[in-house]
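Please read the structure below before turning to the comments.
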Amino acid sequence: MAGHILVLNTGSSSIKYELVDVETRERPAGGLVERIGEETGRLIHRTGDGPPYTRERPFPGHGEGLDAMMEAFAAAGPELAPVAVGHRVVHGGTRFTEAVLIDDDVIAAIEELAPLAPLHNPVNLTGVRAARKAFPEVPQVAVFDTAFHRTLPPEAYTYAVPREWGVRRFGFHGTSCAYVSRRAATFLRRDLADLNLIVLHLGNGASATAISGGRSIDTSMGMTPLEGLVMGTRSGDIDPALTGYLARTNGLDAQQVEHALTHRSGLLALAGARDMREVRARGDAARLALDIFTRRIRKYVGAYYALLGRVDAIIFTGGIGEHDPATRAESLTGLERLGIAMDPALNQADTTGERLVSPAGAEVPVLVIPTDEEWEIAREAHSLVSSIAVPPADHPSVQGNVPA
């Protein structure tokens with residue numbers, strides 16, 4: 001299927017978008033609409049190597065943000081005529097374990113899953129509805145963050161709670177894990193089916209995932225993206241009794257506690273800032289926050305080493321994983337006996353792209369691989385739409401199947 005796929009990644013206060021041709025690997029345009037709902041919003045639209053097309057004005061909602069994206073394509077190009085639109089959807093529950101064509105039933109099902117991802121699924125659907133209105137004849141594809149983790153075994157996804165609750169672990173950052181694990185196999189010149197990997201996706205949201213033979217076997221995020229590592233504003237792992245305790249002692253209800261654990265915890269609670277660059281700029285005042293953040297990562301690396309039995313590579317990705325050498329080094333300190341070590345010069349080098357940051361010949365290579373979720377979404381959308389495309393009636397393959 002030739003042509004461009006428009007990828008939409010609609011977040012709580014932003015829209016990332018990119019135009020991708022999977023067959024030629026061309027990416028003629030992409031951009032970001034940010035600060036949606038704030039007093040002043042900003043659009044940055046990039047085409048080629050020239051200066052970006054930018055606009056600053058309020059975007060009261062995601063609909064206005066998508067209108068601004070359409071205006072940017074009209075003003076700065078290229079012509080926007082996608083053959084498909086790929087949408088990132090955070091939570092697919094147990095129903096959606098692979099990319100699907102979007103119809104009214106799929107939209108209704110994603111809405112039903114909103115309680116599992118209240119910050120994400122509703123705004124993901126805003127992008128879906130706007131794109132269906134703008135391109136009514138173009139196939140729309142939902143690609144789910146949770147789908148990659150469909151291979152989790154029961155002992156990994158089952159919580160030790162009453163079965164009638166109907167809850168389980170799902171996992172997230174699946175498109176990132178899928179992309180960087182394939183890239184790691186290419187970098188190492190190995191078959192992905194033979195590799196055991198630990199992926200550390202570190203950003204405002206952060207997760208660790210154990211991957212064996214290209215299959216997720218355990219991951220730190222759970223039923224929602226709140227479980228696991230310390231994040232920008234999310235607590236990660238806590239004692240579940242905290243909710244009851246705060247209800248008794250502080251008069252907080254479950255919704256207030258959940259909101260605080262999601263929006264007011266993590267690095268923000270520990271250091272007063274959610275952005276790792278700001279946290280590190282605070283020096284010794286943020287030392288405890290940094291120690292907690294990296295210690296939690298180190299615990300998960302050790303646990304996943306034990307589950308995998310053999311680790312062929314550790315992969316850092318995400319904004320922090322790609323750009324913060326101190327976090328990478330501190331997260332793996334003390335694991336030398338497991339064959340895990342960093343090369344300080346390689347780790348600190350002012351380089352970008354896919355790279356090795358462990359010593360040459362290290363038992364466990366440590367890689368930095370920039371994630372590309374937009375490419376992964378485009379690839380999955382292209383694969384699905386191509387597989388169901390029906391040739392025209394005058395196509396030889398159809399004529400050959402018409403009874404004489």
Side-chain angles (χ1 to χ4, degrees), residues 1-11 14-33 36 43 45-47 53 59 61-90 92 95-96 98-111 120-145 147 175 179 372-395 397-398:
M1 180 188 69
H4 293 117
I5 293 175
L6 175 63
V7 176
L8 290 179
N9 185 343
T10 310
S14 67
I15 302 168
K16 291 174 65 178
Y17 62 90
E18 189 149 17
L19 205 57
V20 180
D21 189 320
V22 173
E23 294 188 351
T24 66
R25 305 188 75 87
E26 293 179 352
R27 306 169 82 150
L32 172 69
V33 184
I36 294 173
L43 175 142
H45 180 82
R46 298 183 177 87
T47 57
Y53 171 93
F59 303 118
H62 288 77
E64 290 83 0
L66 286 161
D67 287 343
M69 178 197 76
M70 301 288 287
E71 292 169 10
F73 274 105
E79 179 184 359
L80 187 55
V83 296
V85 182
H87 298 268
R88 178 201 180 208
V89 179
V90 167
R95 173 168 175 175
F96 299 111
E98 57 188 4
V100 296
L101 277 179
I102 296 173
D103 57 20
D104 291 343
D105 290 340
V106 169
I107 288 177
I110 294 172
E111 284 181 324
H120 300 94
N121 275 29
V123 294
N124 296 158
L125 283 176
T126 299
V128 168
R129 293 188 175 101
R132 291 181 90 196
K133 181 178 179 180
F135 307 105
E137 304 301 321
V138 174
Q140 312 271 330
V141 178
V143 179
F144 298 89
D145 267 10
T175 52
Y179 177 81
D372 194 341
E373 293 173 282
E374 285 71 33
W375 171 262
E376 183 65 24
I377 292 167
R379 188 188 70 84
E380 294 193 33
H382 177 272
S383 177
L384 176 61
V385 174
S386 297
S387 70
I388 62 175
V390 179
D394 59 352
H395 193 279
S397 65
V398 174

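Residues passing the side chain to side chain contact (heavy atoms under 4.5 Å, CB included) test with E23 are A2, D21, H382, sequence neighbours excluded. Looking at residues two or more places apart in sequence or on another chain, you find no side-chain hydrogen bond (donor to acceptor under 3.5 Å, both in side chains) involving T10. Partners of D372 according to the side-chain hydrogen bond (donor to acceptor under 3.5 Å, both in side chains) rule, which considers only residues two or more places apart in sequence or in another chain, are R27. Partners of Y179 according to the side-chain hydrogen bond (donor to acceptor under 3.5 Å, both in side chains) rule, which considers only residues two or more places apart in sequence or in another chain, do not exist here. Under the ring pair (Phe, Tyr, Trp, His ring centres under 6.0 Å) criterion, H120 pairs with no residue, sequence neighbours left out. For E376, the side-chain hydrogen bond (donor to acceptor under 3.5 Å, both in side chains) test picks out R182, R379, with sequence neighbours left out.
In this structure the side chain of I110 reaches within 4.5 angstrom of the side chain of F144, judged on heavy atoms. A 4.5 Å side-chain heavy-atom check between I5 and V141 finds every atom pair outside the cut-off. Contact annotation: the side chain of E18 never approaches that of W375 to less than 4.5 Å [non-hydrogen atoms, C-beta and beyond].
No donor-acceptor pair closer than 3.5 Å links the side chain of S386 to the backbone N or O of S383.
The minimum heavy-atom distance linking P139 with V385 is given by the pair CB-CG2, 4.1 Å. Considering all non-hydrogen atoms of both residues, G61 and E64 come closest at N-OE1, 3.0 Å. Here the closest heavy-atom approach between residue A378 and residue V7 is recorded as CB-CG2, 3.7 Å. The nearest pair of heavy atoms linking L32 to S14 is CD1-CB, 4.1 Å. Minimum interatomic distance between V143 and A99 (heavy atoms only, all atoms of both residues): CG2-CB, 4.1 Å.
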Can I get a per-line list of side-chain donor-acceptor pairs under 3.5 Å for residues 69-88, giving both atom names and the distance, sequence neighbours left out?
residue	atom	partner	partner atom	Å
E71	OE1	R57	NH2	2.9
H87	NE2	Q140	OE1	2.7
R88	NE	D145	OD1	3.4
R88	NE	D145	OD2	3.3
R88	NH1	N9	OD1	3.3
R88	NH2	D145	OD2	2.8

Please determine whether side chain to side chain contact (heavy atoms under 4.5 Å, CB included) holds for the pair L125 and I107, giving the CA-CA distance in whole Å, both sets of side-chain angles, and the decisive distance to 0.1 Å. CA-CA 7 Å; L125 283 176; I107 288 177; 4.1 Å; yes
Using the side chain to side chain contact (heavy atoms under 4.5 Å, CB included) rule, take F59 and I15 through it: C-alpha gap first, then chi angles, then the decisive distance, then the call. CA-CA 11 Å; F59 303 118; I15 302 168; over 6 Å; no
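Contacts classified as salt bridge (Lys or Arg N to Asp or Glu O under 4.0 Å) and involving residues 120-132 (residues at least two apart or in different chains) are given here: D104-R132, E111-R129.
The distance from atom CD of E380 to atom CD of E98, rounded to the nearest 0.5 Å, is 9.0 Å.
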